[in-house]
Number of protein chains: 2
Amino acid sequence: MSTTSESPQRNTRQRRAVAAIMADLEGFASAQQIHDILKQRGESVGLSTVYRNLQALADADLLDALRNDDGETLYRRCSSGHHHHLVCRVCGRTVEVEGPTVERWADAVAEDHGFRDVEHTLEIFGTCGDCAS
Amino acid sequence: MSTTSESPQRNTRQRRAVAAIMADLEGFASAQQIHDILKQRGESVGLSTVYRNLQALADADLLDALRNDDGETLYRRCSSGHHHHLVCRVCGRTVEVEGPTVERWADAVAEDHGFRDVEHTLEIFGTCGDCAS
DNA sequence: GACGGATTTGACAATCGTTCCCGGCAGTAG
DNA sequence: CTACTGCCGGGAACGATTGTCAAATCCGTC
Ligand SMILES: [Zn+2]
Ligand SMILES: [Zn+2]
Ligand SMILES: [Zn+2]
Ligand SMILES: [Zn+2]
């Protein structure tokens, strides 16, 4: 067994920079967008490093990740615990939503068909009020 | 406005071959897998053509498409109308499921937050009874 | 059945997000 | 301070998908 935090993690400037960006960011953003933001702020970080750190943060459940229609992986700081997202497809603004009913429904459906180890993905996309104007 | 069927579609051997494969196929499969199947059956079809025809079929709502974790797009012949999938992550067996409750919930949540033009994605993954043994 | 214009095909190059590699840099324990 | 080791960066590699464009194929028409 590995202890839950098997992390001889080092506190590097790059790691701090990425974490800082994600702490401020409101909606979902791609690795490349975050890389660009860092460059603009002068805290340049290598693209590979941005990818690595985002994945690490996501693995540690400090970020949520989802894929958009273009196949890009988007990241966002999120509350812990199981939830889903309502995302504006224009500006990226995101609302975390929970739906106990949905959770129960999904599990029930799966069980009815004899499936085990069930998990599900659910995202809602739309255009937010501001962007609709 | 384009009329719903703006399709001067030609009835080519390749188009028939792809459609035939999809008609038989039980689970979801990637464009490359379908390309391989065609090759095995001797009805060789160019990879680009397989991609094009699958997309065309999906656009015509004759196939459902979804992306797996590896970023590949998978296709499957499905009934028309809005529905979701319960997919075995081992053998790919797929069950189409409907959940009017979920649909209403998703739309309501989006509306509560002022979102328009709402759509959603929902897939359930698990291990089917046969594969669990 | 042959003809001609439009569509489709297919081999190959190009794209694009992401991952891999590896020499060099920089936290960190002692 | 020193040594150890993980981390960084940038450039090559990857893999799914899309674009290109001449050649092949359809299909309505003659
Ligand atoms: Zn918006
Ligand atoms: Zn859920
Ligand atoms: Zn199965
Ligand atoms: Zn639905």
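Below, read A as the first sequence line, B as the second, and so on, with proteins coming before strands; counting in each chain starts at 1.
In this structure, CG of B:L47 is placed 13 Å from P of C:dC12, rounded to the nearest angstrom. Going from atom CD of A:E72 over to atom P of D:dT17 covers 15 Å, rounded to whole Å. Between the NE2 atom of B:H35 and the P atom of D:dG15 there is a distance of 17 Å, rounded to whole Å. The CG atom of A:L74 sits 11 Å away from the P atom of C:dG17 (whole-angstrom rounding). Computed from coordinates, the A:R67 CZ to C:dC16 C1' distance equals 13 Å when rounded to whole Å. Taking atom CD on A:Q9 and atom P on D:dG6, their separation rounds to 12 Å, with Å as the unit. Distance CD (B:Q55) to C1' (D:dT18): 8 Å, rounded to an integer number of Å. If you measure from atom CG of A:L54 to atom P of D:dC8, you get 12 Å, rounded to the nearest angstrom.
Toward the 5' end of DNA chain C, the nearer of the two residues A:Q32 and B:N53, judged by each one's closest nucleotide, is B:N53. Comparing B:G71 and A:S44, the nucleotide of DNA chain D nearest to each residue sits closer to the 5' end for A:S44.
A donor and an acceptor atom never sit less than 3.5 Å apart when one is taken from the side chain of A:T12 and the other from the base of C:dA26. A donor and an acceptor atom sit less than 3.5 Å apart, one in the side chain of B:R10 and one in the base of C:dT7. Judged by atom type and distance alone, A:R15 does not reach the base of D:dG6 through any side-chain donor-acceptor pair under 3.5 Å. One N or O donor and one acceptor, one from the side chain of A:S48 and one from the base of C:dC20, sit under 3.5 Å apart.
The residue B:D70 sits apart from the nucleic acid: no heavy atom pair falls under 4.0 Å. Nucleic acid contact for A:R13: sugar-phosphate only, since backbone atoms but no base atoms lie under 4.0 Å from a heavy atom of the residue.
Distances shown here put every side-chain N or O of A:S30 at or beyond 4.0 Å from the OP1 or OP2 atom of C:dG17. Proximity of B:Q14 to the phosphate of C:dT8: no side-chain N or O atom is located under 4.0 Å from OP1 or OP2. A:Y51 has no side-chain polar atom (N or O) that falls below the 4.0 Å cut-off from OP1 or OP2 of C:dT19. Of the side-chain N and O atoms in A:T73, one or more sit less than 4.0 angstrom from OP1 or OP2 of C:dT18.
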#### Entry: Residues B:E96, B:C78; criterion side-chain contact (heavy atoms from CB on, under 4.5 Å); working and verdict
CA-CA 8 Å; B:E96 295 182 26; B:C78 271; 3.4 Å; yes
### Task
Starting from the C-alpha separation in whole Å, work towards a yes-or-no answer on side-chain contact (heavy atoms from CB on, under 4.5 Å) for A:Q9 and A:R15.
CA-CA 10 Å; A:Q9 293 224 342; A:R15 192 159 298 175; 3.2 Å; yes
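Ring to ring, A:H85 and A:F28 are close: their centroids are under 6.0 angstrom apart. A:H82 has its ring centre less than 6.0 Å from the ring centre of A:H120.
To the nearest 0.5 Å, the span separating CG on A:L122 from NE2 on A:H84 amounts to 4.5 Å.
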